[in-house]
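Read the structure below first, then the notes.
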Amino acid sequence: YAGSVDMKKISTRIIVLFGLLVFFICFGLGLVAYITSHNALVDVLEETMPKVATEASITIEYAIQNQLDKLNIMASLVDLDSLNDSSSGNSKVRAFLSDEAKRSGHIQMILADRNGKALFDNGNVSDLSDNHVFKAAISGEEVVTEPVLDSDGEGIIMTYAVPVKS
């Protein structure tokens with residue numbers, strides 16, 4: 001009977017030691033697999049993220065240039081003399097601006113003469129002669145402002161301006 005008790009102790013020890021050995025081997029292999037996959041993922045991200053960022057910047061640049069091209073086409077169609085003609089009430093220009101704002105999904109469109117008298121698509125008239133965007137556009141530059149949050153803080157607003165050459 002005494003011999004069988006020693007046997008249980010030895011077999012229990014062997015089972016426990018073998019279980020611990022299997023646990024540590026599995027833990028080690030799992031840790032090696034995690035580290036290897038982490039390093040592989042980081043390597044892939046370091047390689048692909050700059051490419052994705054470059055492609056995104058090209059797409060944004062193309063979209064901005066597309067907006068400027070559309071505005072330049074519209075600017076070539078606008079007759080500034082009608083802006084100064086008070087008898088027509090600017091209805092043709094206002095209608096043109098309003099229709100284009102709706103069609104293109106713009107928040108607002110503005111047309112300004114050389115003196116800074118600006119007609120908004122909703123019919124309002126304002127003086128923009130001191131506005132930095134107006135000053136740049138009147139000097140012949142195409143202007144795109146930095147993106148800013150709208151008043152709700154949910155959307156992004158960018159201002160585009162092109163010179164009207166007439």
Side-chain angles (χ1 to χ4, degrees), residues 27-166:
F27 179 77
L29 289 174
L31 187 62
V32 168
Y34 173 79
I35 291 170
T36 303
S37 63
H38 176 269
N39 291 339
L41 183 61
V42 168
D43 290 345
V44 168
L45 288 176
E46 286 176 350
E47 183 180 328
T48 58
M49 287 306 284
K51 291 178 184 176
V52 170
T54 301
E55 290 297 321
S57 69
I58 290 170
T59 302
I60 291 169
E61 185 178 337
Y62 174 75
I64 289 171
Q65 189 57 52
N66 187 28
Q67 285 294 331
L68 290 172
D69 291 345
K70 287 193 283 187
L71 288 175
N72 278 315
I73 291 169
M74 286 188 298
S76 69
L77 299 174
V78 173
D79 179 19
L80 277 181
D81 293 332
S82 64
L83 187 61
N84 294 320
D85 181 14
S86 58
S87 65
S88 70
N90 301 319
S91 61
K92 289 181 185 176
V93 176
R94 192 196 68 71
F96 175 76
L97 293 174
S98 180
D99 291 345
E100 186 58 30
K102 288 177 189 169
R103 187 189 70 76
S104 297
H106 299 303
I107 295 171
Q108 185 176 62
M109 291 195 75
I110 304 168
L111 177 66
D113 66 9
R114 287 181 180 86
N115 300 319
K117 178 184 173 189
L119 174 64
F120 291 70
D121 61 347
N122 62 5
N124 291 340
V125 177
S126 182
D127 180 17
L128 296 180
S129 59
D130 291 332
N131 184 291
H132 72 283
V133 174
F134 168 76
K135 288 178 182 179
I138 201 71
S139 70
E141 295 179 44
E142 294 177 341
V143 181
V144 180
T145 63
E146 292 291 323
V148 294
L149 289 176
D150 64 5
S151 58
D152 297 338
E154 295 178 5
I156 294 176
I157 297 175
M158 293 176 66
T159 301
Y160 297 85
V162 297
V164 176
K165 298 170 181 144
S166 61

Value rounded to 0.5 Å, distance of [atom1] in [X] from [atom2] in [Y]:
X	Y	atom1	atom2	value
S76	M74	OG	CE	9.5 Å
T48	D43	OG1	CG	10.5 Å
T36	L29	OG1	CG	10.5 Å
Q108	N122	CD	CG	6.5 Å

Would you say the side-chain atoms of [X] pair up with the backbone N or O of [Y], donor to acceptor, closer than 3.5 Å?
X	Y	answer
S98	R94	no
S37	Y34	yes
T159	T145	no
D150	E154	yes

Minimal non-hydrogen separation, [X] against [Y], with atom names:
X	Y	answer
V144	M158	CG1-CE, 3.4 Å
A137	V143	N-CG2, 4.0 Å
P50	E46	CD-O, 3.2 Å
V133	A161	CG1-CB, 3.4 Å

Practice prompt. Report the residue from I110, D113, I138 that forms a side-chain contact (heavy atoms from CB on, under 4.5 Å) with L128.
Written response: I110

Fill in: Flag if over 12 foreign heavy atoms under 6.0 Å of CD1, I156
no

Worksheet item: Taking it one step at a time, do E142 and N72 satisfy side-chain contact (heavy atoms from CB on, under 4.5 Å)?
Response: CA-CA 9 Å; E142 294 177 341; N72 278 315; 2.5 Å; yes

Hey, are the side chains of [X] and [Y] touching, using non-hydrogen atoms and a 4.5 Å cut-off?
X	Y	value
M109	L71	yes
Y160	L68	yes
D121	K102	no

